[in-house]
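The structure appears below as structure tokens.
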Amino acid sequence: MDETKESDTSRHFLRQWIEEDHAAGRTGGTVVTRFPPEPNGYIHIGHAKAVCVDFGMAKLFGGECHLRLDDTNPAKESDEYAENIKNDIRWLGFQWSGAGDSGEPGFYNASNMFDAMYQIAEELIRRGQAYCCNLTQDEWKEYRGVPEKPGRPSPSRDTDPERNLRIFREMRDGKYADGEWCLRAKIDMASPNIHFRDPVIYRIRHVSHYHLGDKWCIYPMYDFAHPIEDALEGVTHSMCTLEFEVHRPLYDWVVDRMDEQGLLVVRNGVKIRPQQREFARLNITWTVMSKRLLLQLVTEGHVSGWDDPRMPTVCAMRRRGFTPGAIREFCDRVGVTKVESESDPALLEWCVREELNRTALRRMAVLDPVKLVIENFEGTRDVEVPNNPLDESAGTRKVPFSKEVWIDRADFMEVPEKKFFRLAPDREVRLRGACIVKCTGVEKDADGKITTIRCTWDEGSWGGNPSDGRKVKGTIHWVDVATGVKAEVRLYDRLFTVPDPLRDGSDGFLKYLNPDSLKTVTAYVEPALATAASGERFQFERTGYFVVDSKDSKPGAPVFNRTVTLKDGYKPA
RNA sequence: UGCCCGGUUGUGUAAUGGUCAGCACAGCGGCUUUUGAUGCCGCUUGAGGAGGUUCGAAUCCUCCCCGGGCAACCA
């Protein structure tokens with residue numbers, strides 16, 4: 001992304017918000033943002049948008065963006081997820097920066113702040129702003145009341161700080177079972193905002209933490225932990241999704257308490273008060289984005305894994321052949337607003353084609369081969385074709401050509417429909433880069449399936465143009481039978497058959513799985529492709545963009561994944 | 001229903017009291033083309049509703065309608 005591009009970026013509301021704060025001096029000279037994933041799954045295209053916003057805003061203002069693993073619930077988190085998240089963000093083209101809390105610049109674990117959080121909680125208790133409560137979850141729900149009616153205070157609400165401090169320490173020391181006690185902030189049981197009705201801020205969880213082991217058996221809740229993490233890191237602008245909007249008053253409450261306790265970071269003489277704002281998450285039609293549902297697709301075997309190229313995860317899109325630049329461009333184009341919307345995957349596909357059209361080397365591959373015999377052609381010749389007609393610096397390559405070539409079945413019609421201008425009996429077509437051929441007949445098997453197409457070539461047309469200047473409109477791709485290489489090609493289509501797989505709720509989405517979302521074919525590809533390197537991207541001419549599969553491809557036995565088809569303007573009349 | 005948020009062409013968005021309401025994607029038509037690709041040109045379609053403020057409203061106000069969120073010891 002170059003600089004002129006950034007200045008073109010829309011001045012969305014978050015950008016204006018940061019701009020004003022920064023200009024007013026509230027950032028202490030440095031805009032600090034953060035991307036705070038919970039390491040309980042792989043990140044998907046929706047997270048990618050958040051990554052672009054969080055890192056993008058920091059970059060725009062010359063500030064820093066922290067990567068913080070929000071690992072406050074050990075039950076669902078793992079190191080495997082943590083490592084993959086870091087890898088995916090790097091691949092997307094972003095680098096975290098800032099001090100960091102463990103020697104790695106810009107990298108933080110919420111769990112590394114557990115000591116500080118604990119101290120803050122104790123101080124809350126001392127100040128009478130938090131208390132230990134032993135209501136059961138059911139009782140707690142009942143006491144809390146419903147939104148339209150005030151709740152009732154817990155019997156523990158006005159107990160003595162010393163007693164609460166003792167119980168809280170006993171909670172920490174493992175004296176109690178899960179759920180027996182919890183720590184609650186003392187705010188307002190009558191608030192119309194449910195989150196203010198003395199929210200739980202610490203709960204007991206006798207679970208090993210993937211990062212800290214058994215050091216703790218009490219863990220802070222998100223609403224308590226998140227503002228502390230932001231404040232301690234000196235984050236100025238904390239951007240999250242819309243559903244956290246009603247949590248914002250609580251976020252501010254915690255920041256206020258930290259201020260009272262003198263814990264806010266001071267940068268260049270300015271006390272840094274982190275602020276939260278919310279924007280709409282990215283939704284895309286024809287897929288599902290919830291971590292839970294994606295996990296279900298994986299565990300039930302509907303896809304081959306988190307990186308199955310049909311998944312909307314970043315690792316899957318990488319394997320599918322999408323480029324980081326295209327994903328960034330897509331996130332940029334969908335914009336940043338508070339409107340809940342559903343983006344069309346066609347835009348993402350357009351972004352991919354736009355980049356790959358400029359950068360991908362052209363190759364020829366026949367996905368559904370039928371043999372074409374050129375009766376009057378003798379010997380072998382090399383055809384020289386450009387690697388990318390749009391980019392002369394990509395050079396040319398030589399492709400062997402001889403009497404027998406494979407062509408795609410779709411490029412021949414025994415009885416051509418209207419407006420079909422490829423090969424048909426008695427008709428002429430150009431073999432890309434080679435010559436003009438004229439169909440003289442077909443051979444069929446017992447079932448009537450065409451096994452061979454016969455033709456003759458115009459000897460004056462070597463290179464592609466007939467010597468007499470007559471127009472031949474159709475050009476088709478081919479692969480030489482003698483030197484072509486067999487390859488496995490995986491043709492991907494959308495995972496679901498409807499734009500809204502959750503139309504019946506999250507239980508019924510499996511019945512909309514597209515049975516044709518993956519078709520595997522054995523293709524013939526030109527010899528140059530036999531040794532293509534893992535991750536290399538190509539345009540198979542007239543077909544689509546393909547990438548060498550990073551897991552299954554081997555030299556001499558290549559495997560290609562179709563990233564996206566080429567646009568097809570052919571419409572039979 | 002208590003509180004909070006949001007409604008601009010099919011989709012995603014721009015505008016910050018003054019533009020014929022702009023752009024992109026999609027769709028449709030045409031030109032070019034040794035990829036029916038790319039490129040280029042053109043076209044269709046929009047302010048949820050009703051009032052009000054104002055010389056002037058997509059923009060400000062009121063009410064209504066519609067959509068979403070919040071009532072885990074998840075994040």
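We name chains A, B, ... by the order of the sequence lines, and we start the count at 1 in each one. Note: hydrogens, waters and symmetry copies are ignored here, and every other heavy atom, side chains too, is used.
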Looking at [X], I'd like to know whether one of its side-chain N or O atoms comes within less than 4.0 Å of OP1 or OP2 on [N].
{"X": "A/Arg144", "N": "B/A72", "answer": "yes"}
{"X": "A/Arg203", "N": "B/A75", "answer": "yes"}
{"X": "A/Thr337", "N": "B/U13", "answer": "yes"}

Look at the rings of [X] and [Y] and say which category their plane angle falls in: under 30° parallel, 30 to 60° tilted, over 60° perpendicular.
{"X": "A/Phe538", "Y": "A/Phe540", "answer": "parallel"}
{"X": "A/His247", "Y": "A/His195", "answer": "tilted"}
{"X": "A/Tyr81", "Y": "A/Tyr42", "answer": "perpendicular"}

Hey, what are the protein-to-nucleotides 3-8 of chain B N/O distances that come in under 3.5 Å?
none

Touch class at under 4.0 angstrom, heavy-atom based, for [X] against every strand present:
{"X": "A/Glu38", "value": "sugar-phosphate"}
{"X": "A/Asn465", "value": "base"}
{"X": "A/Phe244", "value": "base"}
{"X": "A/Ile218", "value": "nothing"}

Closest to the A/Trp140 side chain, choosing from B/A75, B/A24, B/C73: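 The answer is B/C73, which lies nearest to the side chain.
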
Please measure how far the [atom1] atom in [N] lies from the corresponding atom in [M], and state the result in whole Å.
{"N": "B/G69", "M": "B/C23", "atom1": "C1'", "result": "30 Å"}
{"N": "B/C64", "M": "B/A24", "atom1": "C1'", "result": "34 Å"}
{"N": "B/U59", "M": "B/A14", "atom1": "C1'", "result": "13 Å"}
{"N": "B/G36", "M": "B/U32", "atom1": "C1'", "result": "13 Å"}
{"N": "B/C28", "M": "B/A37", "atom1": "P", "result": "12 Å"}

Duplex segments of RNA chain B, taken as runs of at least three Watson-Crick or G-U pairs that stay under 3.5 Å: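 If one scans RNA chain B for consecutive Watson-Crick or G-U pairs, the stems found are B:2-7 with B:65-70, B:10-13 with B:22-25, B:27-31 with B:39-43, B:48-52 with B:60-64.
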
side-chain hydrogen bond (donor to acceptor under 3.5 Å, both in side chains) between A/Arg494 and A/Thr287, worked out: CA-CA 8 Å; A/Arg494 24 188 63 134; A/Thr287 188; over 6 Å; no

Polar contact flag, side-chain donor to acceptor under 3.5 angstrom, A/Asp198-A/Tyr131: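 There is such a pair (donor and acceptor under 3.5 Å, judged by atom type) between the side chains of A/Asp198 and A/Tyr131.
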
A/Asp344 vs A/Gly179, nearer the 5' end of RNA chain B by closest nucleotide: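 Looking at RNA chain B, the more 5' nearest nucleotide goes with A/Asp344.
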
Along RNA chain B (nearest heavy atom to each residue), the more 5'-positioned of A/Gly145 and A/His247: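 The residue whose closest nucleotide sits nearer the 5' end is A/Gly145.
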
Near-strand residues of residues 277-287 of chain A, defined as heavy-atom separation under 4.0 angstrom from RNA chain B: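 Result for residues 277-287 of chain A: none.
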
Any A/Tyr524 side-chain heavy atom under 4.5 Å of A/Asp480 side chain: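 No. Closest side-chain heavy atoms not under 4.5 Å.
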
With 3.5 Å as the limit, what N/O pairs link the protein to nucleotides 35-41 of chain B?
residue: B/U35; atom: O2; partner: A/Gln539; partner atom: OE1; Å: 3.1
residue: B/U35; atom: O2; partner: A/Arg542; partner atom: N; Å: 2.7
residue: B/U35; atom: N3; partner: A/Gln539; partner atom: OE1; Å: 2.5
residue: B/U35; atom: O4; partner: A/Arg362; partner atom: NE; Å: 2.6
residue: B/U35; atom: O4; partner: A/Arg362; partner atom: NH2; Å: 2.9
residue: B/G36; atom: OP1; partner: A/Arg542; partner atom: NH1; Å: 2.5
residue: B/G36; atom: O2'; partner: A/Asp568; partner atom: OD1; Å: 3.2
residue: B/G36; atom: O2'; partner: A/Gly569; partner atom: N; Å: 3.0
residue: B/G36; atom: O2'; partner: A/Tyr570; partner atom: N; Å: 3.3
residue: B/G36; atom: N7; partner: A/Arg422; partner atom: NH1; Å: 2.9
residue: B/G36; atom: O6; partner: A/Phe421; partner atom: N; Å: 3.0
residue: B/G36; atom: O6; partner: A/Arg422; partner atom: NH1; Å: 3.1
residue: B/G36; atom: N1; partner: A/Lys419; partner atom: O; Å: 2.8
residue: B/G36; atom: N2; partner: A/Lys419; partner atom: O; Å: 3.2
residue: B/U38; atom: O2'; partner: A/Asn357; partner atom: ND2; Å: 3.0

Under 4.0 Å between a Lys/Arg side-chain N and an Asp/Glu carboxylate O for [X] and [Y]?
{"X": "A/Arg281", "Y": "A/Glu243", "result": "yes"}
{"X": "A/Arg34", "Y": "A/Glu233", "result": "no"}
{"X": "A/Asp408", "Y": "A/Arg542", "result": "no"}
{"X": "A/Asp21", "Y": "A/Arg277", "result": "no"}

Within 45° cone and under 6.0 Å: A/Arg152 NZ/CZ vs A/Tyr143 ring: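 Verdict for A/Tyr143: a cation-pi partner in A/Arg152.
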
A/Ser111 backbone acceptor or donor facing A/Asn109 side chain under 3.5 Å: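 Pair absent, no side-chain N/O of A/Asn109 close to backbone of A/Ser111.
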
Within residues 386-401 of chain A or reaching into it, pairs that qualify as side-chain hydrogen bond (donor to acceptor under 3.5 Å, both in side chains) - sequence neighbours excluded: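 Only A/Arg362-A/Asn388, A/Arg363-A/Asn387, A/Glu384-A/Thr396, A/Asn387-A/Arg397, A/Asp391-A/Ser393, A/Arg397-A/Glu526 qualify under side-chain hydrogen bond (donor to acceptor under 3.5 Å, both in side chains).
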
side-chain contact (heavy atoms from CB on, under 4.5 Å) partners of A/Cys132, counting only residues at least two apart: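 So A/Cys132 forms a side-chain contact (heavy atoms from CB on, under 4.5 Å) with A/Asn164, A/Ile167, A/Phe168, A/Met171, A/Trp181, A/Leu183.
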
Centroid separation A/Phe279 to A/Phe13 less than 6.0 Å: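 Centroid distance A/Phe279-A/Phe13: not below 6.0 Å, so no.
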
